[in-house]
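Quick caveat, the model's predicted, so the values are computed rather than measured. Convention: sequence-line order gives letters A, B, ...; per-chain numbering from 1.
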There are 2 protein chains.
Amino acid sequence: MGNSKLYKGSLATIILKLLSEQEKMYGYAITQKVKLLTQGELNITEGALYPALHKLEAEGLLEVEVVKVENRFRKYYKLTETGSKESVNKLQELEDYIKTMQLLISPNFNIE
Amino acid sequence: MGNSKLYKGSLATIILKLLSEQEKMYGYAITQKVKLLTQGELNITEGALYPALHKLEAEGLLEVEVVKVENRFRKYYKLTETGSKESVNKLQELEDYIKTMQLLISPNFNIE
DNA sequence: AATATATACATAATTATCTTAGGCATAAAG
DNA sequence: CTTTATGCCTAAGATAATTATGTATATATT
């Protein structure tokens with residue numbers, strides 16, 4: 001995904017957040033949307049994305065609708081009710097993570 | 001470590017940052033300092049910490065000095081020159097990560 | 001005296017998430 | 001005709017944690 005190891009563990013959060021804004025999305029669209037929003041900073045690889053989607057579906061956070069578009073099939077994912085709640089949790093966790101890490105990296109913390 | 005999976009991948013960054021402020025620290029002191037600075041939010045487990053320290057040492061980012069204190073031995077770690085440079089890199093990566101994630105979670109991004 | 005807590009190190013088995021590298025298939029563009 | 005874009009997928013391996021131990025000393029509690 002990213003150039004640093006910090007992105008490990010963030011993919012589910014990203015997916016749930018996108019789907020809380022977007023109603024329904026398919027895998028490839030997710031990769032493109034992330035690339036666009038992050039100005040190319042973050043490229044989600046398919047080897048990470050599809051297993052993550054399948055896992056979220058298996059956990060009941062996402063549901064699938066397969067649609068045929070121009071001789072290709074697309075698997076649209078959308079949040080279930082549980083998934084909708086979990087997306088709120090995950091976003092809170094991300095904000096908490098950022099706050100906690102900022103406590104640790106705030107410069108000269110042991111001088112003040 | 002944390003209550004969320006987001007902390008995965010952050011431990012090396014935390015260790016290097018602490019040692020860029022502190023000159024030298026031993027493992028147990030690192031766990032206590034992190035607990036203190038994060039107001040108990042983040043508790044580094046020993047099973048994560050010691051392997052991480054050993055790895056950073058093996059990579060040449062940390063060097064060790066064993067000191068006997070009150071019949072116990074402590075292993076003090078400090079940054080090598082390489083480790084000092086790498087701590088700057090890791091902090092930059094963390095800031096980049098936070099910025100990128102904020103692009104993704106900024107509310108209503110696809111409305112504006 | 002016995003037990004729990006704090007200090008201080010360590011490793012081993014397991015789990016989770018990702019990377020890397022492939023595979024399958026259609027359509028458009030060079 | 002070969003690359004690029006679209007669109008899905010999985011399998012092997014790497015990496016970083018968790019969880020559960022183990023060792024040892026010192027202090028505080030029951």
Side-chain angles (χ1 to χ4, degrees), chain A residues 1-16 24-36 40 42-59 61-62 64-77 90 93-94 97 100-101, chain B residues 1-16 24-36 40 42-59 61-62 64-77 90 93-94 97 100-101:
Chain A
M1 285 177 68
N3 37 334
S4 98
K5 291 167 188 168
L6 296 169
Y7 288 98
K8 190 159 287 201
S10 330
L11 183 51
T13 304
I14 293 170
I15 293 169
L16 293 177
K24 64 180 181 179
M25 297 184 82
Y26 56 99
Y28 186 73
I30 291 175
T31 67
Q32 299 309 299
K33 183 81 179 177
V34 167
K35 195 182 296 183
L36 183 70
L42 188 52
N43 290 295
I44 295 181
T45 59
E46 297 167 307
L49 177 65
Y50 291 111
L53 287 171
H54 300 161
K55 196 191 170 212
L56 291 169
E57 187 194 351
E59 289 168 348
L61 305 184
L62 302 184
V64 188
E65 184 194 347
V66 180
V67 179
K68 190 149 194 169
V69 181
E70 295 160 15
N71 263 1
R72 283 199 206 88
F73 70 98
R74 284 181 188 162
K75 287 180 73 174
Y76 280 95
Y77 290 88
K90 290 279 194 203
E93 280 179 14
L94 178 57
Y97 168 82
T100 299
M101 291 304 283
Chain B
M1 285 176 69
N3 36 335
S4 98
K5 292 167 188 169
L6 297 169
Y7 289 98
K8 193 157 287 203
S10 331
L11 184 51
T13 305
I14 293 169
I15 292 169
L16 294 177
K24 64 179 180 177
M25 297 183 82
Y26 57 99
Y28 186 73
I30 291 176
T31 67
Q32 300 307 301
K33 184 80 179 176
V34 167
K35 195 182 294 186
L36 184 70
L42 188 52
N43 289 296
I44 295 180
T45 59
E46 296 166 306
L49 178 65
Y50 291 111
L53 287 171
H54 300 161
K55 195 190 171 213
L56 291 170
E57 188 195 351
E59 289 168 349
L61 306 184
L62 301 183
V64 187
E65 183 194 347
V66 180
V67 179
K68 189 149 195 170
V69 181
E70 296 161 16
N71 264 359
R72 283 199 205 88
F73 70 99
R74 285 181 188 163
K75 286 179 74 173
Y76 281 94
Y77 291 88
K90 291 279 194 201
E93 280 179 14
L94 178 56
Y97 169 81
T100 298
M101 290 303 284

Could you pull out all residues at least two apart from B/E65 that satisfy salt bridge (Lys or Arg N to Asp or Glu O under 4.0 Å)? B/K24
In whole angstroms, how far is the P atom of D/dA17 from the CG atom of B/L53? 11 Å
Here the distance between atom P of C/dA16 and atom CG of A/L56, to the nearest Å, is 14 Å
Measuring only between side-chain heavy atoms, which start at C-beta, is A/T13 closer than 4.5 Å to A/E93? no
So, does A/Y50 get its side chain near the phosphate of D/dC8, meaning an N or O under 4.0 Å from OP1 or OP2? yes
C/dT17 C1' sits how many Å from A/I44 CD1, rounded? 13 Å
Using only heavy-atom distances, decide whether a donor-acceptor pair under 3.5 angstrom links the side-chain of B/K8 to the base of C/dT17. no
Taking the side chain as every heavy atom from C-beta outward, state whether B/Y97 and A/L42 have any atom pair closer than 4.5 Å. no
Taking atom C1' of D/dT6 as reference, at what distance in whole Å does atom NZ of A/K33 sit? 18 Å
For B/Y26 and D/dT25, what is the distance between atoms OH and P respectively, to the nearest whole Å? 18 Å
For A/Y77, the option from A/I30, A/L56, A/L62, A/I15 that meets side-chain contact (heavy atoms from CB on, under 4.5 Å): A/L62
Just to be sure I understand the rule, does B/T31 reach a base, reach only the sugar-phosphate, or reach nothing, if contact means heavy atoms closer than 4.0 Å? nothing
Using a cut-off of under 3.5 Å, enumerate the N/O to N/O pairs linking the protein to nucleotides 21-26 of chain C.
residue : atom : partner : partner atom : Å
C/dT26  : O2   : A/R72   : NH2          : 3.0

So which one's nearest nucleotide on DNA chain C is more toward 5', B/P51 or B/V69? B/V69
With a 4.5 Å heavy-atom cut-off, do A/L49 and A/T45 have their side chains touching? no
Look at the side chain of A/K75 and decide which nucleotide, out of C/dT17, D/dG7, D/dC9, has an atom nearest to it. D/dC9
Are the side chains of A/M101 and B/I14 in contact, using a 4.5 Å heavy-atom criterion? yes
Nucleotide nearest B/A48 when distance is taken to its side chain, options C/dC9, D/dA17, C/dT17: D/dA17
Using the ring pair (Phe, Tyr, Trp, His ring centres under 6.0 Å) criterion, which residues pair with B/Y76? Sequence neighbours excluded. B/Y26
C/dT11 P sits how many Å from B/H54 NE2, rounded? 5 Å
Could you tell me the separation between the CE atom of B/M25 and the C1' atom of C/dC9, rounded to a whole number of Å? 16 Å
So, does A/K5 get its side chain near the phosphate of C/dC18, meaning an N or O under 4.0 Å from OP1 or OP2? no
First of A/F73 and B/N43 reached from the 5' end of DNA chain D, by closest nucleotide: A/F73
To the nearest Å, give me how far apart NZ (A/K68) and P (D/dG7) are. 14 Å
